[in-house]
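Everything numeric in this text was worked out from a predicted model, so none of it was measured.
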Amino acid sequence: MPGGQGQDSGPTSAGPLTPSPADPAGTPPPGTARGTTDELDELLLGGPRTLSARDLARLTGTDLETIRMYWRTLGLPSHDDADVMFTERDAQALARAQALVVDHGLDVRTVVTLVRALGHTSDRLALWQVEALVEDLATRYALDDTSARLLVLDRLADLAPLLEQQLLHSYRRHLAAVADRYAAEFGNLRDVTVDGSLLPLARAVGFADMVSFTRRTAGLGSTDLSLFVHRFETAARDVVAGAGGRVVKTIGDAVLFIADTPGAGAQVAIGLADAFGTSLDVEAARGTGGLAEGARGVTPVRVGMVWGRVLSRFGDVFGPSVNLAARLTDVADPSTVLVDASTAQVLGGDPRFRLTEQPVRDLAGVGEVVPFRLESAPA
């Protein structure tokens with residue numbers, strides 16, 4: 001990946017960010033950031049903010065309420081209609097959103113959903129990446145939090161184009177992956193009658209929930225807590241992707257995953273239980289280096305998994321099987337996987353797995369269920 005230009009550039013293929021020659025130790029003092037918001041506007045927004053909402057309405061032929069709705073849907077702060085807050089690129093983006101309705105016939109509510117998805121995801125992504133940069137610079141240059149944030153502001157001009165290129169590449173790859181899955185799953189169903197009363201997608205859905213998260217993180221400083229959460233999310237995503245599943249979302253101390261086949265879902269579930277406890281020497285991990293239990297990443301999880309039908313909307317999944325998987329997770333023992341009887345029947349003929357019936361459990365919001373413990377079959 002090519003690096004930025006200048007003596008204080010972003011990451012390059014040759015290595016990490018280098019300290020400024022003015023400070024060989026790599027610890028710039030607070031308040032020395034050269035990147036001003038005006039300079040960043042030129043880079044990120046394509047030029048200065050010269051337009052008001054009224055100007056946007058005139059340029060695009062759009063009423064003010066539509067402009068306000070578009071801005072709110074992106075999740076950005078609202079302003080007075082006369083405030084000069086917009087750029088030419090804002091006008092172009094608004095015109096493209098209108099084209100989805102005028103040229104492609106999309107319903108206005110659909111366009112609102114598409115724009116809201118962009119706003120929500122972009123907001124989380126931008127904050128996530130900037131905070132990661134703050135942590136990186138604070139750690140490598142031994143800076144306090146304020147100094148690290150000022151240095152990030154200084155470096156954004158170099159880093160932003162590289163991050164933007166990665167974002168576009170990642171989005172296109174994921175869109176292509178969705179298209180591939182749809183083609184494989186539905187390509188031969190064009191003339192098949194589908195029961196409209198069923199939820200549309202057959203999926204394995206499951207949760208992996210950290211055991212005693214509050215106790216394990218109590219007393220951790222910001223650095224150790226950040227490492228703890230980062231280690232869990234990174235490892236969980238690696239396990240899920242490696243076994244053929246996909247992470248829907250992380251919810252604090254839990255991860256929600258899906259897979260396209262029962263076997264893949266079972267492999268994900270067992271992989272998560274193993275990665276966070278079964279194969280871990282807890283006592284050795286606690287003792288190594290004398291660090292706190294949480295800081296060592298000792299995070300056993302309870303896992304529940306169900307094969308059923310779900311509705312996929314807003315980047316999330318919904319349906320009774322999602323709720324059942326969550327309730328099974330609540331009653332699973334640490335580092336174990338529970339499935340329901342229906343899922344156990346589906347997996348029963350797969351020689352890779354062993355299923356053991358458990359006592360009947362009364363699950364909140366579900367009722368009495370016969371869970372089965374899911375394990376890998378002995379070699």
What's the separation between atom [atom1] in [X] and atom [atom2] in [Y], rounded to the nearest 0.5 Å?
X: Tyr70; Y: Leu76; atom1: OH; atom2: CG; result: 9.0 Å
X: His169; Y: Gln166; atom1: NE2; atom2: CD; result: 7.0 Å
X: Thr343; Y: Asp340; atom1: OG1; atom2: CG; result: 3.5 Å
X: Asp103; Y: Arg96; atom1: CG; atom2: CZ; result: 12.5 Å
X: Phe314; Y: His120; atom1: CZ; atom2: NE2; result: 12.0 Å
X: Leu45; Y: Arg89; atom1: CG; atom2: CZ; result: 7.5 Å

Problem set entry | Stepwise ring-ring contact (aromatic ring centres under 6.0 Å, His included) check, Phe207 with Phe257 | CA-CA 6 Å; Phe207 288 87; Phe257 65 88; 8.0 Å; no
Exercise. Run the side chain to side chain contact (heavy atoms under 4.5 Å, CB included) check on Leu338 and Leu374 step by step: do they pass?
Worked result: CA-CA 6 Å; Leu338 289 183; Leu374 172 67; over 6 Å; no
For the hydrophobic clusters of this structure (ILVMFWY residues joined by side-chain heavy atoms under 4.5 Å, transitively), does one cluster hold both [X] and [Y]?
X: Val360; Y: Leu355; result: yes
X: Leu125; Y: Leu44; result: no
X: Leu100; Y: Tyr171; result: no
X: Trp307; Y: Leu256; result: no
X: Met210; Y: Val303; result: yes

[X] side-chain N/O to [Y] backbone N/O, donor-acceptor pair under 3.5 Å:
X: Arg354; Y: Glu375; answer: no
X: Ser122; Y: Leu118; answer: yes
X: Thr62; Y: Ile67; answer: no
X: Asp83; Y: Met85; answer: no
X: Gln358; Y: Thr356; answer: yes
X: Thr60; Y: Leu56; answer: yes
X: Thr329; Y: Ala325; answer: yes
X: Trp71; Y: Pro77; answer: yes
X: Ser147; Y: Leu143; answer: no
X: Thr234; Y: Arg231; answer: no

Residue pair [X] / [Y], side-chain heavy-atom distance below 4.5 Å:
X: Val306; Y: Val339; value: no
X: Met69; Y: Val112; value: yes
X: Val134; Y: Asp145; value: yes
X: Asp260; Y: Arg246; value: yes
X: Tyr141; Y: Leu151; value: yes
X: Leu137; Y: Val152; value: yes
X: Val248; Y: Val255; value: no
X: Leu133; Y: Arg155; value: no

For this session: Look at the rings of Phe232 and Phe276 and say which category their plane angle falls in: under 30° parallel, 30 to 60° tilted, over 60° perpendicular.
Result: tilted
Report, as yes or no, whether the 6.0 Å neighbourhood of atom [atom1] on [X] holds more than 12 heavy atoms from other residues, nucleotides or ligands.
X: Glu164; atom1: CD; value: no
X: Gln345; atom1: CD; value: no
X: Arg237; atom1: CZ; value: yes
X: Arg124; atom1: CZ; value: no
X: His79; atom1: NE2; value: yes
X: Phe318; atom1: CZ; value: yes

With a 4.0 Å cut-off on N to O distance, would you call [X] and [Y] a salt bridge?
X: Arg149; Y: Glu131; value: yes
X: Glu65; Y: Arg72; value: yes
X: Lys249; Y: Asp316; value: yes
X: Arg327; Y: Asp330; value: yes

Problem set entry | Identified salt bridge (charged side-chain N to carboxylate O under 4.0 Å, His left out) counterpart of Arg49 within the set Asp38, Asp41, Asp90 |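 Exactly one option meets the salt bridge (charged side-chain N to carboxylate O under 4.0 Å, His left out) with Arg49, and it is Asp41.
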Work out which heavy atom in [X] is nearest to a heavy atom in [Y]; give both atom names and the distance.
X: Leu272; Y: Ala208; result: CD1-CB, 3.8 Å
X: Val310; Y: Ser321; result: CG1-OG, 3.4 Å
X: Pro320; Y: Leu199; result: CD-CD1, 3.9 Å
X: Val239; Y: Ala275; result: CG2-CB, 3.8 Å
X: Ser376; Y: Ile270; result: OG-CG2, 3.4 Å
X: Asp209; Y: Asp253; result: OD1-O, 3.3 Å

Problem set entry | Derivation and outcome, side chain to side chain contact (heavy atoms under 4.5 Å, CB included), residues Arg373 and Val337 | CA-CA 6 Å; Arg373 179 168 177 172; Val337 181; over 6 Å; no
For this session: Applying side chain to side chain contact (heavy atoms under 4.5 Å, CB included), run through Val111 and Asp107 and close with a yes or a no.
Result: CA-CA 7 Å; Val111 175; Asp107 186 82; over 6 Å; no
Exercise. Hey, mind stepping through Val211 and Arg302 against side chain to side chain contact (heavy atoms under 4.5 Å, CB included) and telling me if it holds?
Worked result: CA-CA 7 Å; Val211 176; Arg302 311 175 194 271; 3.7 Å; yes
